Protein chains: 2
Amino acid sequence: MMPKDRIAQPADAEYTLIRRALEIISGKWRLYLILLLDEHTLRYSELRQRLPAVSEKVLAGELKALVTLGVIRRDVFAEVPLRVEYTLTSKGRSALPILRQMKQIGQIFNEHFDAT
Amino acid sequence: MMPKDRIAQPADAEYTLIRRALEIISGKWRLYLILLLDEHTLRYSELRQRLPAVSEKVLAGELKALVTLGVIRRDVFAEVPLRVEYTLTSKGRSALPILRQMKQIGQIFNEHFDAT
DNA sequence: CGGCATCCTTATGGATACTG
DNA sequence: CAGTATCCATAAGGATGCCG
């Protein structure tokens with residue numbers, strides 16, 4: 001979020017928008033969840049299998065946060081046993097091209113040190 | 001960093017590169033520092049004035065981290081009083097266009113909720 | 001001036017048992 | 001099956017005093 005009690009700067013408008021973008025992929029697992037759900041709609045147990053190192057609390061919490069942000073959608077099917085599916089929303093999908101462009105930054109900083 | 005003990009997925013290569021990109025803007029102040037230094041080279045005290053809410057420890061630590069990552073450069077001028085200037089490196093500058101594209105994601109998620 | 005060292009508070013992530 | 005609740009561990013950020 002915005003730091004408090006600071007002098008307004010021209011960079012603030014940019015900062016705020018980029019921060020909002022970062023919010024959807026902050027944390028250790030959100031980016032993974034988005035990339036996985038770009039491939040398929042998945043149910044809760046399938047996400048757990050693909051992310052074995054994440055705890056129940058964190059997985060459920062991150063999914064809930066992404067739903068609130070409007071990145072993914074949660075569909076409940078009142079079957080027995082219960083089925084819950086998670087799907088990227090159109091807004092979530094629209095963010096993917098730019099997320100994938102960020103790989104370019106990653107590649108730039110994989111190269112050798114060049115402090116010019 | 002990469003989560004440990006998980007099954008390898010096709011998304012891993014993407015995840016790793018995007019994570020590396022995120023590393024340079026993770027934390028509460030790095031994005032601010034980069035945007036400020038894109039406008040001018042600044043000395044330590046000037047950065048402090050423009051970011052009044054940041055503590056000495058955090059500011060100095062983040063600057064050091066960005067130098068280590070190769071995003072910014074630290075130039076020391078052995079004057080009295082001492083002068084230290086921070087400047088974006090060419091690698092740092094090359095990341096800016098993509099960072100600015102992320103504003104598009106921010107705008108998408110500023111719009112009304114649309115869970116399709 | 002430009003930090004670093006120390007101590008403290010808060011945020012994030014995790015393990016595990018239990019529930020609708 | 002798909003979570004919640006509780007408690008715990010670690011990391012990130014902050015306040016402040018001191019030093020080259």
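The shown structure was predicted, so the numbers you read here are calculated from the model rather than taken from an experiment. So that the names make sense, note that chain A is the first sequence line, chain B the second, and so on, each numbered from 1.
- In this structure, OH of Tyr86(A) is placed 15 Å from P of dC1(D), rounded to the nearest angstrom.
- With sequence neighbours left out, Arg30(A) forms a salt bridge (Lys or Arg N to Asp or Glu O under 4.0 Å) with Glu62(A).
- Taking atom CG on Leu59(B) and atom P on dG2(C), their separation rounds to 11 Å, with Å as the unit.
- As rounded to whole Å, 17 Å separates atom P of dT19(C) from atom OH of Tyr44(A).
- Each end of the helix from dC1(C)-dG20(D) to dG20(C)-dC1(D) gets its own axis, taken as the rotation carrying the C1' atoms of four end pairs onto the next four within a five-pair window, and the two axes meet at 50° to the nearest 10 degrees.
- With sequence neighbours excluded, the residues satisfying side chain to side chain contact (heavy atoms under 4.5 Å, CB included) with Ala60(B) are Tyr44(B).
- Regarding Arg74(A), its CZ atom lies at a distance of 10 Å from the P atom of dA2(D), rounded to whole Å.
- The side chain of Arg43(B) has dG2(C) as its nearest neighbour among dC1(D), dT4(D), dG2(C).
- Rounded to an integer number of Å, the gap from Leu63(A) CG to dC1(D) C1' is 14 Å.
- Shown here are the salt bridge (Lys or Arg N to Asp or Glu O under 4.0 Å) partners of Glu56(B), two or more places apart in sequence or in another chain: Arg48(B).
- Atom CD in Glu23(A) sits roughly 15 Å away from atom P in dA11(C) (whole-Å rounding).
- The salt bridge (Lys or Arg N to Asp or Glu O under 4.0 Å) test applied to Arg83(A) returns Glu79(A), Glu85(A), not counting sequence neighbours.
- Partners of Arg74(A) under the side-chain hydrogen bond (donor to acceptor under 3.5 Å, both in side chains) rule, at least two apart in sequence or in another chain, are Tyr86(A).
- With sequence neighbours excluded, no residue forms a side-chain hydrogen bond (donor to acceptor under 3.5 Å, both in side chains) with Ser45(A).
- Every pair passing salt bridge (charged side-chain N to carboxylate O under 4.0 Å, His left out) that includes a residue from residues 96-105 of chain B is listed here, sequence neighbours excluded: Glu14(A)-Arg100(B), Glu14(A)-Lys103(B), Asp38(B)-Arg100(B).
- Here the side chains of Asp12(A) and Leu35(B) are not in contact, with every heavy-atom distance at 4.5 Å or above.
- Within a heavy-atom distance below 4.0 Å of DNA chain D, the residues of residues 75-84 of chain A found are Pro81(A), Leu82(A), Arg83(A), Val84(A).
- Here the P atom of nucleotide dA15(C) and the CZ atom of Arg48(A) are 14 Å apart, to the nearest Å.
- In this view, Gln107(B) and Leu17(A) satisfy the side chain to side chain contact (heavy atoms under 4.5 Å, CB included) rule, not counting sequence neighbours.
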Quiz item: When you check every protein heavy atom under 4.0 Å of nucleotides 12-19 of chain D, what one-letter string (B, S, -) results, 5' to 3'?
Solution: -BBBB---

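- Rounded to a whole Å, the CD atom of Glu85(B) is 13 Å from the C1' atom of dC1(C).
- Ser55(B) pairs by the side-chain hydrogen bond (donor to acceptor under 3.5 Å, both in side chains) definition with nothing, not counting sequence neighbours.
- Side chains of Leu96(A) and Leu88(A) form a contact here, defined as non-hydrogen atoms less than 4.5 Å apart.
- Between Lys64(B) and the phosphate of dC4(C), there is a side-chain N or O to OP1/OP2 separation shorter than 4.0 Å.
- Between Ser45(A) and dC1(D), a side-chain N or O to OP1/OP2 separation shorter than 4.0 Å is absent.
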